[in-house]
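So the structure is just underneath, and the comments pick up after that.
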Amino acid sequence: MVYMMLKTPEGWSCDEMVGHVLAGYLSQVQLTKAEVDILPLVILARFTQILIFGYHMFSLDPSNQSALVHARKVWPHLLHLWQQPVESTLSTWRQIVLRRNIAFPCN
């Protein structure tokens with residue numbers, strides 16, 4: 001999901017991108033409500049891990065500019081997800097999943 005967020009096409013929100021990825025996944029695998037509810041936090045944790053690893057690699061080799069270039073792509077998505085209420089994120093995902101006639105976990 002994280003890498004799909006980073007590949008979000010022009011005109012889409014990263015929330016929409018994740019909603020479609022989640023819909024595809026839920027069409028094959030059932031998740032519990034608790035598992036879906038924790039996804040935003042898991043995504044934030046993965047973004048953080050990418051940033052920390054990238055900055056660590058840069059500290060070992062300051063000529064490695066690719067770590068900083070990648071970080072510039074990650075920060076906006078991390079901040080967006082961090083600042084947006086979880087309920088709003090989940091609501092967007094729910095709408096996309098339900099539009100595709102796929103069950104969205106509710107209990």
Side-chain angles (χ1 to χ4, degrees):
M1 289 181 173
V2 167
Y3 289 102
M4 291 307 295
M5 287 177 80
L6 294 173
K7 299 286 185 184
T8 301
E10 191 71 33
W12 281 46
S13 76
C14 57
D15 295 329
E16 290 174 317
M17 179 60 86
V18 173
H20 288 285
V21 171
L22 181 59
Y25 189 80
L26 290 174
S27 73
Q28 302 299 311
V29 178
Q30 287 184 318
L31 295 178
T32 66
K33 181 178 182 327
E35 290 169 328
V36 172
D37 286 349
I38 201 164
L39 277 176
L41 183 59
V42 171
I43 291 170
L44 283 167
R46 180 63 179 129
F47 274 138
T48 303
Q49 183 183 33
I50 292 168
L51 288 172
I52 290 170
F53 184 73
Y55 286 122
H56 173 68
M57 295 306 293
F58 179 75
S59 74
L60 297 176
D61 178 10
S63 69
N64 181 2
Q65 293 294 309
S66 66
L68 298 180
V69 169
H70 195 65
R72 274 186 239 131
K73 295 176 184 174
V74 169
W75 272 113
H77 296 291
L78 185 145
L79 291 173
H80 165 78
L81 199 55
W82 182 258
Q83 293 170 345
Q84 181 167 288
V86 173
E87 298 79 21
S88 175
T89 301
L90 292 173
S91 175
T92 300
W93 297 353
R94 184 180 304 106
Q95 290 171 18
I96 291 168
V97 169
L98 293 176
R99 269 189 301 212
R100 294 180 66 187
N101 294 320
I102 298 166
F104 192 86
C106 44
N107 309 11

Which pairs pass salt bridge (Lys or Arg N to Asp or Glu O under 4.0 Å) with one or both residues in residues 66-91, sequence neighbours excluded?
none
With a 4.5 Å cut-off on side-chain heavy atoms, are [Y] and [X] touching?
X   : Y    : value
W93 : E16  : no
M1  : Y25  : no
L22 : L31  : yes
Y3  : R46  : yes
E35 : P105 : no

Considering all heavy atoms of both residues, which atom of [X] and which atom of [Y] are nearest to each other, and what is their separation?
X    : Y   : result
V97  : G19 : CG2-O, 4.0 Å
R100 : H20 : NH1-O, 3.4 Å
L51  : L78 : CD1-CD1, 3.9 Å
A67  : G54 : CB-O, 3.2 Å
Q65  : F58 : NE2-CE1, 3.5 Å
K7   : M17 : O-CE, 4.0 Å

[X]-[Y] co-clustered via ILVMFWY side chain contacts under 4.5 Å:
X   : Y   : answer
I52 : V2  : no
M4  : L79 : yes
W75 : V69 : no
V21 : V86 : yes
I96 : L90 : no

[atom2] on [Y] to [atom1] on [X], rounded to 0.5 Å:
X   : Y   : atom1 : atom2 : answer
C14 : H80 : SG    : NE2   : 4.0 Å
L39 : T89 : CG    : OG1   : 11.0 Å
T48 : F53 : OG1   : CZ    : 15.0 Å
D15 : L81 : CG    : CG    : 7.0 Å
M5  : S13 : CE    : OG    : 8.5 Å
L60 : H56 : CG    : NE2   : 4.0 Å

Parallel, tilted or perpendicular: ring planes of F47 versus H77, cut at 30 and 60 degrees:
parallel
Give a yes or no on this: more than 12 heavy atoms of other residues, nucleotides or ligands lie within 6.0 Å of atom [atom1] of [X].
X   : atom1 : answer
L98 : CG    : yes
Q30 : CD    : no
Y55 : OH    : yes

